[in-house]
Amino acid sequence: MIRVVLADDQPLVRAALEMVIAETADVEVVGEAGTGTEAVRLAAELRPDVVVMDIRMPGMDGIEATRLVTADGGPTRVVVLTTFDDDDHVYGALRAGASGFLVKDMALDDILGAVRVVAAGDALIAPSVTRRLISTFAGQAAPAATQPQPDHRRLAAITGREREILTLVGRGLSNTEIAAELVLSIATVKTYMTRLLAKLDARDRVQLVILAYEAGLVSAPR
């Protein structure tokens, strides 16, 4: 059973999601929060598998709440719930430790499927969405205190081939596309992915994308 906490300041959004989840046999809502502070408290108290986290909530926003929920490296994973086209905080949420993001105008069944993906330990962001995310958000100006700066020191432990793989991951390529690009088997690419996750202490593919951007391996189109 996948245990979920819904964090959104709109009761109707929470009610709609809970209605869909109630009809499933493998997912259950164990808590609801209307603020970021409450979401952090429930995550610590209930230890759910997934927190579906809105970005814009009163008081503590979803980015800070995500950072606090994931800070201890525990099993709880966060999926950001946002309106993609006008929310310029998604990139910040992923840097804070979110495993992906959902768009509020997605079909409810698709949101439910995404929760299952994240609960299984996978990254939510598909390659095509990753490319759009990097293009839209990483290229935007950010405050000096938060603007990522190239840091090649983080890559000191990886090999040249692993660096190539990481660059392609940062560009949004899937394992199949990477295999074709480098003339490798998909199994070999998966092995490299496992090594990168371990060496860079990354939680999932989403974090590898962020690391590739922060290390200066890829840059957003201007």
Hey, can you pull the donor-acceptor pairs under 3.5 Å for the side chains in residues 36-47, sequence neighbours left out?
from : atom 1 : to  : atom 2 : distance (Å)
E38  : OE1    : G34 : N      : 3.2
R41  : NH1    : E45 : OE1    : 3.1
R47  : NH1    : D72 : OD2    : 3.3

- Task: Would you mind listing every side chain to side chain donor-acceptor pair (under 3.5 Å) that reaches into residues 193-202, with sequence neighbours excluded?
- Result: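 For residues 193-202: E162-K199.
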Would you name the heavy atoms of [X] and [Y] that are closest together and state the gap between them?
X    : Y    : result
P48  : V30  : CB-CG2, 4.3 Å
A212 : G170 : CB-CA, 3.8 Å
A96  : T70  : O-OG1, 3.1 Å
V189 : N175 : CG1-OD1, 3.8 Å

- Hey, could you give me each pair passing salt bridge (Lys or Arg N to Asp or Glu O under 4.0 Å) that has a residue in residues 8-22? Not counting sequence neighbours.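 Residue pairs passing salt bridge (Lys or Arg N to Asp or Glu O under 4.0 Å), neighbours aside: D8-K104, R14-E32.
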- Non-neighbouring partners of R3 that pass side-chain hydrogen bond (donor to acceptor under 3.5 Å, both in side chains), sequence neighbours left out: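 By the side-chain hydrogen bond (donor to acceptor under 3.5 Å, both in side chains) rule, R3 matches no residue at all.
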- Output all residues satisfying side-chain hydrogen bond (donor to acceptor under 3.5 Å, both in side chains) with T167, sequence neighbours left out; order by chain, then residue number.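 T167: no side-chain hydrogen bond (donor to acceptor under 3.5 Å, both in side chains) contacts found.
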- Task: In sequence, state the C-alpha distance, the side-chain angles, and the governing distance for L217 and L166, and then conclude on side-chain contact (heavy atoms from CB on, under 4.5 Å).
- Result: CA-CA 8 Å; L217 295 182; L166 181 60; 3.6 Å; yes
[X] and [Y]: same hydrophobic cluster, using ILVMFWY side-chain contacts below 4.5 Å?
X   : Y   : value
L17 : V5  : no
V51 : I2  : no
L68 : V80 : no
M53 : L6  : no
V29 : V78 : no

- Task: Kindly check if the number of other-residue, nucleotide or ligand heavy atoms within 6.0 Å of CE (M19) is above 12?
- Result: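 Atom CE in M19 is not crowded, with 12 or fewer foreign heavy atoms closer than 6.0 Å.
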Could you state the interatomic distance from [atom1] ([X]) to [atom2] ([Y]), rounded to the nearest 0.5 Å?
X    : Y    : atom1 : atom2 : answer
I165 : E181 : CD1   : CD    : 10.0 Å
L196 : R161 : CG    : CZ    : 12.0 Å
I63  : R56  : CD1   : CZ    : 9.5 Å
L81  : I55  : CG    : CD1   : 9.0 Å
I178 : Y192 : CD1   : OH    : 12.0 Å
E64  : R67  : CD    : CZ    : 4.0 Å

- Message: Out of the candidates L155, L200, V169, only one should pair with L211 under the side-chain contact (heavy atoms from CB on, under 4.5 Å) rule; please name it.
- Response: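 Considering L155, L200, V169, a side-chain contact (heavy atoms from CB on, under 4.5 Å) with L211 is found only for L200.
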I'd like a table of donor-acceptor pairs (distance under 3.5 Å, sequence neighbours excluded) in which one partner is a side-chain atom from residues 106-121, with atom names and distances.
from : atom 1 : to  : atom 2 : distance (Å)
R116 : NE     : D26 : OD1    : 3.4
R116 : NE     : D26 : OD2    : 2.6
R116 : NH2    : D26 : OD1    : 2.9

- Item | Sequence-distant partners of L197, side-chain contact (heavy atoms from CB on, under 4.5 Å), two or more places apart |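 If we apply the side-chain contact (heavy atoms from CB on, under 4.5 Å) test to L197, skipping adjacent residues, the hits are A202, L208.
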- Message: When you measure from the side chain of T24 to the backbone of V20, do you find a donor-acceptor pair of N or O atoms at a distance under 3.5 Å?
- Response: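 Pair absent, no side-chain N/O of T24 close to backbone of V20.
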